[in-house]
Amino acid sequence: MLRIRIWQWPNLLALDAALIALVWQAAFAAALGLQVSAAARLVLGLSVWLTYMADRLFDVAQRPVTQLYSARHRFAKKYSRRLWGIWVGVLIADLITALSLLEATQLRNGSVLLALCLLYTALNQLLSRRFFPKEICVAVIYAGGVVVFLSLPFPWLAAGTLALLCLINCLMIGTKEQRIDAAMQVRSMTQLSSHLIVLLFVATALPLWFLHSQLALAHGLSLAALLIIQVLQQRIPVETFRVLTDSALLIGPAAALLLHL
């Protein structure tokens, strides 16, 4: 029987990924003095949800429930038909919103990101049983999604730092969930040396000195939260670890926005 605690629901429904992207988008916009339309916010949130949920549903489609050890995969397997139905409805709403309300530049940039999401999903499903660096792909696409609708010269350094944060997040979760991936016969970057995470913490800290103060605060707080969780990771159960690690990405931009008010 699948026992679900209340704090797991955002992760099981992939709502946490969408919320984190929206808060980071708001933090970027506030720091750079930009306005983001309601349509752009809605399209970002829906698109992130669609990507995460589709990836999860494809992951469980051809695997028996005996290979699924994580709560999110068992949940997706059990309710796959309902979730696919909801997914199609959300996709239609997302497309209608994008085509009717986004500016031409936003629509073009969003289309490029959509193509990358589709390519990632296809390659991940085709290659993950051998090897696929999904963590890098997710980190780059996620950071790109946060800034894709901002109307300014691309903030390379801030977006790159966010991508590194996301990469640390993915690797920490993947390392903690190696037993889950092994059961699903998934091979990714978590098979590499654990020293990589330490190097990434250092690499992510270095650009903070050159970022806008609000973005430096957002990135720094999330990085510090991830570091604390990493130090304590042996004491934290797998499902709790995933929720905490994702929550760490939310802490930084949320605090920066509150201080900006």
Is any side-chain heavy atom of Leu19 less than 4.5 Å from a side-chain heavy atom of Pro10?
no
After noting the C-alpha distance and the side-chain angles of Ile229 and Phe241, does the key distance pass the side-chain contact (heavy atoms from CB on, under 4.5 Å) rule?
CA-CA 8 Å; Ile229 295 168; Phe241 184 85; 3.5 Å; yes
Does one hydrophobic cluster hold both Ile168 and Val243, with members joined at side-chain heavy-atom distances below 4.5 Å?
no
Mind checking whether Leu249 and Leu226 have side chains closer than 4.5 Å, heavy atoms only?
yes
Rounded to the nearest 0.5 angstrom, the CG-CZ distance for Leu12 and Arg5 is 11.5 Å
Which atom names give the shortest non-hydrogen contact between Ile173 and Asp246, and what distance separates them?
CD1-OD1, 3.5 Å
Apart from Val112 itself, which Ile, Leu, Val, Met, Phe, Trp or Tyr residues share its cluster (side-chain heavy atoms under 4.5 Å, direct or through members)?
none
Hydrophobic side-chain clustering at under 4.5 Å (ILVMFWY, transitive links): who's grouped with Leu101? Put none if nobody.
none
Can you name the residues that form a side-chain hydrogen bond (donor to acceptor under 3.5 Å, both in side chains) with Asp16, not counting sequence neighbours?
Asn11
Identify each donor-acceptor pair in which a side-chain atom of residues 198-207 lies under 3.5 Å from a protein atom, sequence neighbours left out, and give them as a table.
from   : atom 1 : to     : atom 2 : distance (Å)
Thr204 : OG1    : Leu200 : O      : 2.7

Should Leu22 and Gln25 be marked as a side-chain contact (heavy atoms from CB on, under 4.5 Å) after you check the CA-CA gap, both sets of side-chain angles, and the distance that decides it?
CA-CA 5 Å; Leu22 287 171; Gln25 183 191 61; 4.1 Å; yes
Residues passing the side-chain hydrogen bond (donor to acceptor under 3.5 Å, both in side chains) test with His73, sequence neighbours excluded, are Ser70
Which value, rounded to the nearest 0.5 Å, describes the distance between Ser111 atom OG and Leu116 atom CG?
11.0 Å
Determine the minimum heavy-atom distance between Leu167 and Ala139, stating which atoms define it.
N-CB, 3.6 Å
Linking I/L/V/M/F/W/Y whenever their side-chain heavy atoms sit closer than 4.5 Å, directly or via other members, would Val140 and Leu164 fall into one cluster?
yes
List, by chain and number, the other hydrophobic cluster members for Leu221, where Ile, Leu, Val, Met, Phe, Trp and Tyr join if side-chain heavy atoms come within less than 4.5 Å, directly or indirectly.
Leu217, Leu259
Any Leu165 side-chain heavy atom under 4.5 Å of Asn169 side chain:
no
Do Leu102 and Val36 sit in the same hydrophobic cluster, where Ile, Leu, Val, Met, Phe, Trp and Tyr count as joined when their side-chain heavy atoms come under 4.5 Å apart?
yes
Any heavy-atom pair between the side chains of Gln125 and Asp59 that's under 4.5 Å?
yes
Any chain of hydrophobic side-chain contacts (each under 4.5 Å) joining Met172 to Ile251?
no
Could I get the full list of side-chain hydrogen bond (donor to acceptor under 3.5 Å, both in side chains) partners for Tyr52, not counting sequence neighbours?
none
Would Phe58 and Asn124 satisfy side-chain contact (heavy atoms from CB on, under 4.5 Å), going step by step from the backbone distance to the final call?
CA-CA 10 Å; Phe58 280 126; Asn124 184 41; over 6 Å; no
Could you work out, with ring-ring contact (aromatic ring centres under 6.0 Å, His included) as the rule, every residue matching Trp209, not counting sequence neighbours?
none
Scanning both residues in full, the closest heavy-atom pair of Gly144 with Leu113 reads C-CD2, 4.1 Å
Rounded at 0.5 Å granularity, tell me how far CG in Leu215 sits from OG1 in Thr161.
9.0 Å
Going by side-chain heavy atoms closer than 4.5 Å, which hydrophobic residues are tied to Leu114, directly or by a chain of links?
Leu118
Report the distance from atom CG of Leu162 to atom CG of Leu157, rounding to the nearest 0.5 Å.
11.5 Å
Taking all atoms of both residues into account, what is the closest heavy-atom pair of Val65 and Lys77, and its distance?
N-CE, 4.5 Å
Separation between CG of Leu46 and OG1 of Thr97, rounded to the nearest 0.5 Å
6.5 Å
Point-to-point distance, once rounded to the nearest 0.5 Å, from CG of Asp94 to CH2 of Trp87:
9.5 Å
Would you indicate whether the side-chain heavy atoms of Val60 and Arg63 approach each other to under 4.5 Å?
no
So, do Lys134 and Tyr120 sit near enough that their side-chain heavy atoms are less than 4.5 Å apart?
yes
Suppose the criterion is salt bridge (charged side-chain N to carboxylate O under 4.0 Å, His left out): which pairs have a residue in residues 166-177, not counting sequence neighbours?
Arg72-Glu177, Glu177-Arg242
Heavy-atom side-chain contact between Cys166 and Val138 under 4.5 Å:
no
Side chains of Arg108 and Thr105 in contact at under 4.5 Å (non-hydrogen atoms)
yes
Of all pairs that satisfy ring pair (Phe, Tyr, Trp, His ring centres under 6.0 Å), the ones with a partner from residues 3-37, not counting sequence neighbours
Trp9-Phe75, Trp24-His219
Mind listing the closest non-hydrogen atom pair of Arg56 and Ala14 along with its distance?
NH1-N, 4.0 Å
Looking at residues at least two apart in the chain, or sitting in another chain, which of them share a ring-ring contact (aromatic ring centres under 6.0 Å, His included) with Tyr69?
none
Quick check: is Ile4 connected to Leu83 through a chain of hydrophobic side chains (ILVMFWY, heavy atoms under 4.5 Å apart)?
yes
